[in-house]
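Computed from a predicted model, the values in this text were never measured in an experiment.
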Amino acid sequence: MKNLNKPPSAFNVFLVRDNFTPEEFIVNVVLDYFNVDKNTALEVAKATRSLGQGLCGTYSMDVAFNKAKLVQDRARQEGHPLICFLEEV
């Protein structure tokens, strides 16, 4: 029997470092899609660059997938290979 009281899964949204996407672009997508302040966006960009990935936030499955798609679509439109991935919490 399925547990109907189980809360919906949450997903972390990460950006992955590449050698081509400018840091300014990363900061801008984090500001535009993840509702954070400039300092937090800079920290995500710094983590992406130095650690290989930066955590943008934790969201419900639908919201996380939507945010990841928005980031990927914008990156492709602007010619960047930036990758955004989800990890279930």
Side-chain angles (χ1 to χ4, degrees):
M1 177 180 268
K2 191 174 184 177
N3 183 354
L4 299 177
N5 294 324
K6 180 182 176 190
S9 296
F11 288 81
N12 288 331
V13 180
F14 291 94
L15 298 180
V16 179
R17 178 184 67 206
D18 62 67
N19 293 324
F20 305 102
T21 304
E23 185 172 346
E24 181 179 352
F25 178 80
I26 294 172
V27 170
N28 286 334
V29 295
V30 173
L31 285 170
D32 291 347
Y33 298 121
F34 295 98
N35 194 32
V36 297
D37 60 33
K38 179 88 175 203
N39 287 335
T40 302
L42 289 167
E43 288 298 317
V44 171
K46 180 180 175 184
T48 302
R49 185 180 67 246
S50 64
L51 303 174
Q53 64 187 31
L55 175 62
C56 298
T58 304
Y59 305 93
S60 67
M61 183 176 68
D62 291 344
V63 172
F65 275 95
N66 186 48
K67 288 182 181 291
K69 181 169 177 13
L70 289 169
V71 169
Q72 294 277 178
D73 288 350
R74 182 163 162 193
R76 297 307 166 269
Q77 287 172 355
E78 296 192 28
H80 303 299
L82 184 66
I83 294 172
C84 188
F85 79 92
L86 308 178
E87 180 179 83
E88 190 169 9
V89 176

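Scanning both residues, Arg76 and Pro81, for their nearest heavy atoms gives NH1-C, 3.6 Å. When every heavy atom of Ala47 is checked against every heavy atom of Gly54, the shortest pair comes out as CB-CA, 4.1 Å. The nearest pair of heavy atoms linking Val16 to Thr48 is C-CG2, 3.8 Å. Taking both residues in full, the closest heavy atoms of Cys56 and Val30 are given as SG-CG2, 4.2 Å, listed atom of the first, atom of the second, then distance. Closest of all the heavy-atom pairs between Thr21 and Leu82 is OG1-N, 3.4 Å.
With hydrogens and angles ignored, the 3.5 Å screen pairs a side-chain donor or acceptor of Arg17 with a backbone N or O of Arg49. Distance alone, capped at 3.5 Å, is enough to place a donor-acceptor pair between the Gln72 side chain and the Cys84 backbone.
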Working for side chain to side chain contact (heavy atoms under 4.5 Å, CB included), residues Tyr59 and Phe34 = CA-CA 10 Å; Tyr59 305 93; Phe34 295 98; 3.3 Å; yes

Can you list the steps and then say if Val36 with Val44 is a side chain to side chain contact (heavy atoms under 4.5 Å, CB included)?
-> CA-CA 10 Å; Val36 297; Val44 171; 5.9 Å; no

Quick one: side chains of residues 60-71, donor-acceptor pairs under 3.5 Å with protein atoms, not counting sequence neighbours, listed by atom name and distance.
| residue | atom | partner | partner atom | Å |
| --- | --- | --- | --- | --- |
| Lys67 | NZ | Tyr33 | O | 2.5 |
| Lys69 | NZ | Asp73 | OD1 | 3.4 |
| Lys69 | NZ | Asp73 | OD2 | 2.7 |

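In this structure Glu78 satisfies the side-chain hydrogen bond (donor to acceptor under 3.5 Å, both in side chains) test together with Arg74, sequence neighbours excluded.
In the hydrophobic cluster analysis, where Ile, Leu, Val, Met, Phe, Trp and Tyr join through side-chain heavy atoms closer than 4.5 angstrom, Leu15 is grouped together with Leu86. The cluster map of Ile, Leu, Val, Met, Phe, Trp and Tyr, joined by side-chain heavy atoms under 4.5 Å apart, puts Leu55 and Phe85 in the same cluster. One hydrophobic cluster, built from ILVMFWY side chains closer than 4.5 Å, cannot hold both Phe14 and Val29; they sit in different ones.
Residue Leu42 belongs to a hydrophobic cluster whose other members are Val27, Leu31, with links defined by side-chain heavy atoms closer than 4.5 Å.
More than 12 heavy atoms of other residues, nucleotides or ligands sit less than 6.0 Å from atom CD of Glu88.
Note that CD1 of Ile26 and NZ of Lys46 are 14.0 Å apart. Values are rounded to the nearest 0.5 Å.
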